[in-house]
**Student:** 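Handing you this structure, nothing more for now.
Below, read A as the first sequence line, B as the second, and so on, with proteins coming before strands; counting in each chain starts at 1. Values below: every heavy atom of this structure, side chains too, minus hydrogens, waters and symmetry copies.
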Amino acid sequence: MPDPSDIAAYDPVRALAERFAAAVRAAFPQVDAGFDPLITATKNPALGDFQSNAAMPLGKRFGMSPRDAATKIIGQLDLAGLAEPVTASSIAGPGFINIRLRGDTLAALLTAIDTPGLGIAPPAAPRTVVVDLCGVNIAKEMHVGHLRATVIGDALARTLERLGHRVIRQNHVGDWGLPIAMVTAKLDAETRAGRIDTGTLDLPTLTRLYRSAQAECARDLRGLEAVRRFGLGPKAEAELGEQVAGAEAAMARAKDTLLRLQAGDPATVAVWRRIYDVTMTACLAVCARLHARVRAEDSAGESSYAAELEPMVADLVRRGIAEESDGALVIRLDELGIDVPCLIRKADGGYLYATTDMAAVRRRVQNLGAARVIYAVGSTQLLHLRQVFAASAKAGYATPPGAAAPASLEHAAFGSVLGDDGRPFKTRSGDNVRLEDLLDEAVERAGRVVAEKNPGHSPQERREIAEAVGIAAIKYTDLSTDRIKDYVFRFDRMLAFEGNTGPYLLYALVRTRSIFRKGGERGIGGGWRSAPLRIEHPAEKALALALLRYPGVVKSVGDSLEPHRLCQYAYDLAGAFSTFFDACPVLQAPDDATRDARLRLCDLTARVLADALGVLGLPTLERM
RNA sequence: GUCCCGGUAGCUCAGUUGGACAGAGCAGCGGUCUUCUAAAUCGCAGGUCAGUGGUUCGAAUCCACUCCGGGACGCCA
């Protein structure tokens with residue numbers, strides 16, 4: 001049996017690449033040392049496990065047929081202890097070289113990843129990564145729009161943590177500016193009028209206040225203009241004029257409130273603080289229910305940047321980064337390939353969200369020490385974030401002190417959640433759908449299915465299972481497709497217990513675990529833990545190959561920020577296990593050695609699958 | 001108008017730095033439970049990869065143009 005340390009740890013691709021690179025160097029001394037022998041998994045298992053596509057580029061370069069190049073390579077190839085011998089019949093098609101791993105090699109590689117880390121080694125140089133996620137607004141309930149920012153952001157954060165990096169989550173709470181001042185003024189007025197008790201204030205009430213405050217301030221200024229322009233008469237003008245006067249008064253109160261907030265007036269700040277606390281308590285509870293690790297200490301609201309904006313803008317002006325344009329202040333980005341300037345201060349002196357976002361880049365890179373800043377933010381902000389990234393780079397804010405290279409600012413953009421009609425997901429009346437209502441309905445529907453599939457559970461058990469299944473169903477749907485695309489939200493599809501769904505994966509994990517419960521009942525001890533792995537049956541081989549892919553897949557999600565790759569992997573692994581479980585008796589294996597080897601394989605599968613689901617942020621279960 | 005993102009089987013979607021006849025799931029048809037959770041598994045059927053042209057030994061993948069759908073475009077956030 002080969003020594004795992006001899007074959008580049010656990011990774012068959014790397015091990016084969018080394019052997020092939022050596023053979024290519026021997027066969028073609030002219031090629032440089034960095035030549036990539038292009039090892040990939042073979043799509044059709046009937047042809048082999050892996051293939052090298054090295055012969056095609058070599059054939060082209062040396063003016064020979066790729067099959068001749070392949071023949072030269074295999075003449076120098078030594079796969080002893082790793083794979084079946086490669087012969088002329090291994091060359092196929094235009095010049096593919098097919099490779100079939102040996103069962104004992106697979107067993108050795110699996111043994112190498114059968115560790116607590118499951119083959120994922122800590123990075124040589126851990127990086128600090130900031131993940132911007134969730135992005136709630138105060139005085140508003142979480143709705144579907146926050147689902148993806150929370151679920152995707154948390155999955156990315158977990159992935160990077162799993163890879164051994166230092167992750168700082170940042171919930172960029174929308175807690176500042178004129179809209180917030182409007183609610184603050186409104187709540188203050190309502191409280192003073194005795195219509196609201198701040199002690200028992202809840203989020204639905206706040207949301208109502210927010211809406212009415214917005215409506216009061218915005219009341220038909222445009223309508224009045226139209227009435228004047230088209231001369232609809234003094235009566236219409238007077239009616240609208242009254243409304244507008246009210247709106248102007250409300251707006252004036254809001255602006256006054258904003259000034260007092262900015263000045264730190266204790267009474268006003270106390271009202272604001274109450275709004276903040278009521279909102280965040282509810283928001284963090286939803287995050288907890290979603291199994292998203294977003295905590296109070298992860299909040300870095302817009303308000304926390306308020307005091308930094310004026311000095312930052314002054315700095316930008318002084319250094320000539322920002323310039324005036326029509327009374328406003330902009331940063332031009334033409335030289336960075338963006339023809340729309342980034343507006344950072346309005347003509348009236350007010351700041352914009354780009355200003356706050358630049359301050360956030362600066363703090364995240366300069367103070368928090370981020371080498372990467374990842375934004376789990378919707379694709380509608382694509383241009384905005386490009387501008388902010390470019391403007392921050394131009395200002396030098398994206399480069400850590402003393403560092404040679406700037407931090408990497410990355411937008412993990414996602415598409416919209418759509419309703420059945422293909423339009424953005426809304427209630428019949430056009431309101432946003434409350435996230436909590438969505439979770440409640442998913443859990444309720446899951447409960448019905450659980451009761452039907454397995455009537456033996458106690459009500460308590462059923463509730464717990466339904467909760468996990470419902471949450472997993474929603475999260476998995478959100479994570480399992482390419483995030484840039486929109487998707488249609490459909491309960492029946494995500495809660496289907498067959499196919500590529502969260503419930504199916506939970507079930508697959510339960511099956512891997514239940515075998516040990518059953519084994520315990522039959523008096524089988526833990527001797528299998530140290531039993532030698534044996535990979536003989538085709539289903540065992542397919543499962544082994546799937547398990548060995550795990551570290552590389554997690555790594556690729558960390559690089560690409562695409563959690564759906566890990567979902568696809570988990571689904572593949574679950575499928576490989578199901579096939580194995582069907583074809584290979586474990587507890588009734590023909591002999592004890594086979595049984596123990598298979599138990600160990602089940603255990604490794606269970607741990608990898610549970611780890612993958614954990615990285616995705618899905619809740620898991622012991623039984624269903 | 002400019003820019004960005006999508007378009008793959010009836011439906012929902014994968015498709016790694018270009019590689020073998022384009023893969024799953026659902027829906028349809030047909031096998032497999034006295035045996036480890038059948039919420040499973042095995043098989044059949046189903047596709048001009050939106051279109052045209054180009055690069056290449058080789059293109060769903062890269063380039064150009066066209067069509068369709070969505071989005072964003074300095075004084076909201």
**Student:** Could you tell me how far apart A:Met358 (CE) and B:A77 (P) are, to the nearest whole angstrom?
**Tutor:** 16 Å

**Student:** Look at A:Tyr487 and B:C11 and indicate whether a side-chain polar atom (N or O) is within less than 4.0 Å of OP1 or OP2.
**Tutor:** no

**Student:** What contact category does A:Asp326 fall into here, base, sugar-phosphate, or nothing, at under 4.0 angstrom with non-hydrogen atoms?
**Tutor:** base

**Student:** Would you call A:Lys555 and A:Asp559 a salt bridge, taking side-chain N to carboxylate O under 4.0 Å as the test?
**Tutor:** yes

**Student:** Tell me whether A:Tyr353 and B:C76 count as stacked here, given that the ring centres must be under 5.5 Å apart and the planes must differ by less than 30 degrees.
**Tutor:** no

**Student:** Which is true for A:Ile515 with a 4.0 Å heavy-atom rule: it touches a base, it touches only sugar-phosphate, or it touches nothing?
**Tutor:** base

**Student:** Is A:Asp603 paired with A:Arg600 through a side-chain N to carboxylate O contact shorter than 4.0 Å?
**Tutor:** no

**Student:** If B:A24 has a Watson-Crick or G-U wobble mate with both distances under 3.5 Å, name it; if not, just say none.
**Tutor:** B:U12

**Student:** What I want to find out is whether A:Arg517 reaches A:Glu521 closely enough, with some N-O distance under 4.0 Å, to be called a salt bridge.
**Tutor:** no

**Student:** What is the distance, rounded to the nearest whole Å, between atom CE of A:Met494 and atom P of B:C13?
**Tutor:** 11 Å

**Student:** On RNA chain B, check which nucleotide each of A:Ala574 and A:Cys342 is closest to and give me the residue with the more 5' one.
**Tutor:** A:Ala574

**Student:** If the cut-off is 4.0 Å, is A:His564 near the phosphate of B:G15, judged by side-chain N/O to OP1 or OP2?
**Tutor:** yes

**Student:** Is A:Lys43 close enough to B:A20 that one of its side-chain N or O atoms is under 4.0 Å from OP1 or OP2 there?
**Tutor:** yes

**Student:** Does B:C65 have a Watson-Crick or wobble mate here (both distances under 3.5 Å), and if so which one?
**Tutor:** B:G51

**Student:** Does the ring of A:Tyr351 carry A:Lys346 above it, NZ/CZ under 6.0 angstrom from centre and within 45° of its axis?
**Tutor:** no

**Student:** Is A:Asp175 touching bases, backbone alone, or none of the nucleic acid, heavy atoms closer than 4.0 Å?
**Tutor:** nothing

**Student:** To the nearest Å, how far apart are A:Leu587 CG and B:U35 C1'?
**Tutor:** 11 Å

**Student:** Does B:U17 pair with anything, Watson-Crick or G-U wobble, both distances under 3.5 Å, and if so, with which nucleotide?
**Tutor:** none

**Student:** Where each residue is assigned the nucleotide of RNA chain B containing its nearest heavy atom, which of A:Thr579 and A:Asp348 is assigned the position nearer the 5′ end?
**Tutor:** A:Thr579

**Student:** Please work out if A:Asn44 contacts a base, only the sugar-phosphate, or nothing of the nucleic acid, heavy-atom cut-off 4.0 Å.
**Tutor:** base

**Student:** List the steps, then state whether side-chain hydrogen bond (donor to acceptor under 3.5 Å, both in side chains) holds for A:Arg511 with A:Ser578.
**Tutor:** CA-CA 9 Å; A:Arg511 292 216 298 172; A:Ser578 285; 2.9 Å; yes

**Student:** Side chains of A:Thr355 and A:Arg345 only: does a donor on one sit below 3.5 Å from an acceptor on the other?
**Tutor:** no

**Student:** Is there a Watson-Crick or G-U wobble partner for B:G46 with both distances under 3.5 Å, and if so, which one is it?
**Tutor:** none

**Student:** Quickly work out the A:Phe62 CZ to B:C57 P distance and round it to whole Å.
**Tutor:** 17 Å

**Student:** Is A:Lys485 near enough to B:A14 that one of its side-chain N or O atoms lies under 4.0 angstrom from OP1 or OP2?
**Tutor:** yes

**Student:** May I ask you to evaluate whether A:Ser578 reaches the phosphate of B:A40, defined as a side-chain N or O under 4.0 Å from OP1 or OP2?
**Tutor:** no

**Student:** With a 4.0 Å limit, can you tell me whether A:Arg598 has a side-chain N or O closer than that to the phosphate oxygens OP1/OP2 of B:C36?
**Tutor:** no

**Student:** So A:Cys567, base contact, sugar-phosphate only, or nothing? Heavy-atom distance under 4.0 Å.
**Tutor:** nothing

**Student:** May I ask you to verify if any side-chain N or O of A:Lys346 is less than 4.0 angstrom from the OP1 or OP2 atom of B:C76?
**Tutor:** yes

**Student:** Could you please name the partner base of B:A40, counting Watson-Crick and G-U wobble pairs only when both distances are under 3.5 Å?
**Tutor:** B:U32

**Student:** Check the chi torsion on B:C73 and let me know: syn if it falls within 90° of 0, anti if not.
**Tutor:** anti

**Student:** Nearest whole Å is fine: how far is B:A77 C1' from A:His143 NE2?
**Tutor:** 12 Å

**Student:** Paired with B:C3 by Watson-Crick or G-U wobble geometry, both distances under 3.5 Å: which nucleotide is it?
**Tutor:** B:G71

